[in-house]
Amino acid sequence: MRIAIGSDHGGLLLKAELVKLLEQKGYEYKDFGCFTAEAVDYPDIGQAVGEAVAAGQYDRGIICCGTGIGISISANKVPGVRAALCGDCFSAKASREHNNANVLALGERVTGTELAKMITEIWLTTEFTGGRHGKRVEKIRAIEEKYNKA
Ligand code: RB5
């Protein structure tokens, strides 16, 4: 599994911890930045990771900002991205099983590092259930299609 990971300055420290986790677990990844504590704009990173996943260059994305909110809103503007902001393990599992989320968003200023790592591991190892959930995810795609034509 190829993973695109990125953060703004508000998620930089959490991203570093998650990069270590990906390395420990042997995942292939690319870090889309940021790389210093200097302030950057979270939409730029959300867009970059979102586009890399939507284009099929990476199978999944992981994005972090202070709350996880701004960067997830941004990534979700990219057609084909289903970014789930998760602060608990139940949501992480459900976002994969029910929503086939292809991007995980986390908030460094909200979720503790160890919990964020646990959420990430669950999210990376949980498969989409399909079935009735497939029909609903298809409806999400149909919404995108409607507004992309407009
Ligand atoms: C940056 O200060 C902060 O606004 C950002 O990391 C994020 O929390 C936005 O949603």
Side-chain angles (χ1 to χ4, degrees), residues 1-129 133 137-138 140-145 147-148:
M1 189 190 296
R2 295 155 307 160
I3 297 163
I5 188 166
S7 76
D8 75 349
H9 55 291
L12 179 66
L13 299 178
L14 178 56
K15 174 166 69 69
E17 291 298 323
L18 298 181
V19 162
K20 272 192 244 166
L21 178 73
L22 295 180
E23 283 175 356
Q24 279 163 11
K25 300 285 174 186
Y27 286 102
E28 188 184 324
Y29 72 91
K30 179 179 171 184
D31 190 342
F32 283 74
C34 62
F35 300 104
T36 73
E38 193 181 327
V40 294
D41 298 329
Y42 58 79
D44 297 337
I45 308 292
Q47 181 181 1
V49 171
E51 286 178 350
V53 173
Q57 291 158 350
Y58 294 86
D59 303 299
R60 304 266 191 94
I62 299 173
I63 48 179
C64 309
C65 69
T67 58
I69 295 171
I71 203 160
S72 59
I73 292 172
S74 308
N76 273 320
K77 297 297 177 191
V78 179
V81 169
R82 293 176 302 281
L85 171 56
C86 296
D88 65 90
C89 297
F90 184 91
S91 300
K93 189 164 178 277
S95 78
R96 288 288 311 130
E97 288 180 342
H98 292 208
N99 315 117
N100 200 12
N102 51 11
V103 175
L104 170 66
L106 294 154
E108 177 183 310
R109 297 172 186 165
V110 182
T111 306
T113 306
E114 292 308 313
L115 176 56
K117 284 160 67 177
M118 198 178 285
I119 287 169
T120 302
E121 280 200 67
I122 290 169
W123 189 80
L124 287 172
T125 54
T126 303
E127 292 303 318
F128 179 44
T129 308
H133 301 298
V137 172
E138 173 55 26
I140 297 174
R141 197 201 56 75
I143 296 169
E144 283 178 347
E145 197 176 296
Y147 286 96
N148 289 336

Nearest non-hydrogen partners of Val81 and Ala54, listed with the distance: CG2-CB, 4.2 Å

Return the minimal non-hydrogen interatomic distance between Leu106 and Cys86, and the atom names on each side. CD2-O, 3.3 Å

Testing the basics here: between Ile122 and Thr126, what is the closest heavy-atom pair and its distance to 0.1 Å? O-OG1, 2.6 Å

Rounding to 0.5 Å, atoms CD1 (Ile119) and CG (Leu104) come to a distance of 7.5 Å

Considering residues at least two apart in sequence or located in another chain, which fulfil the side-chain hydrogen bond (donor to acceptor under 3.5 Å, both in side chains) criterion with Ser95? Trp123

May I have all residue pairs that pass salt bridge (Lys or Arg N to Asp or Glu O under 4.0 Å) and include part of residues 95-105, sequence neighbours excluded? Lys93-Glu97

Would you mind listing every ring pair (Phe, Tyr, Trp, His ring centres under 6.0 Å) that reaches into residues 66-119, with sequence neighbours excluded? His98-His133

List the atom of Gly70, the atom of Cys65, and the distance in Å for their closest heavy-atom pair. N-SG, 4.0 Å

My understanding is that only residues two or more places apart in sequence, or in another chain, count here; which of them pass salt bridge (charged side-chain N to carboxylate O under 4.0 Å, His left out) with Glu114? Lys117

So NZ of Lys25 and OG1 of Thr120: to nearest 0.5 Å the spacing works out to 11.5 Å

By salt bridge (charged side-chain N to carboxylate O under 4.0 Å, His left out), which residues pair with Glu138, not counting sequence neighbours? Arg141

Check: Val40 main-chain N/O paired with His9 side-chain donor or acceptor under 3.5 Å: yes

Lys30: side-chain contact (heavy atoms from CB on, under 4.5 Å) partners, not counting sequence neighbours: Phe32, Tyr58

CG-CD1 distance between Asn76 and Ile140, expressed to the nearest 0.5 angstrom: 9.0 Å

Determine whether Asp8 and Asp41 make a side-chain contact, defined as any pair of heavy atoms from C-beta on separated by less than 4.5 Å. no

Met1: which residues meet the side-chain contact (heavy atoms from CB on, under 4.5 Å) condition with it, sequence neighbours left out? Ile3, Tyr27, Asp59, Arg60, Leu124

Hits for side-chain hydrogen bond (donor to acceptor under 3.5 Å, both in side chains) against Asp31, two or more places apart or cross-chain, chain-then-number order -> Lys15

Interatomic distance, Glu23 atom CD to Leu18 atom CG [nearest 0.5 angstrom]: 11.5 Å

Measure across Ala105 and Ser72 and return the closest heavy-atom pair with its distance rounded to 0.1 Å. CB-CB, 3.6 Å

For Tyr42, which residues count as a ring-ring contact (aromatic ring centres under 6.0 Å, His included) partner, sequence neighbours excluded? none

With sequence neighbours left out, what residues match Lys77 under side-chain hydrogen bond (donor to acceptor under 3.5 Å, both in side chains)? none

With a 4.5 Å heavy-atom cut-off, do Pro79 and Glu144 have their side chains touching? yes

Within a strict 4.5 Å, meaning less than it, do heavy atoms of the Leu14 and Ser7 side chains meet? no

Got Val137 and Phe128 here, is their nearest side-chain heavy-atom distance under 4.5 Å? yes

Donor-acceptor pair, side chain of Glu108 and main chain of Leu13, under 3.5 angstrom: yes

So which atom in Ala83 and which in Ala75 form the shortest heavy-atom distance, rounded to 0.1 Å? CB-CB, 4.3 Å

Working to the nearest 0.5 Å, report the span between CE of Met118 and OG1 of Thr113. 12.0 Å

Are the side chains of Asn99 and Arg82 in contact, using a 4.5 Å heavy-atom criterion? no

Among all residues two or more places apart in sequence or in another chain, which pass the side-chain contact (heavy atoms from CB on, under 4.5 Å) test with Ile45? Val49, Ile71

Residue list, side-chain hydrogen bond (donor to acceptor under 3.5 Å, both in side chains) with Glu127, at least two apart or on another chain: none

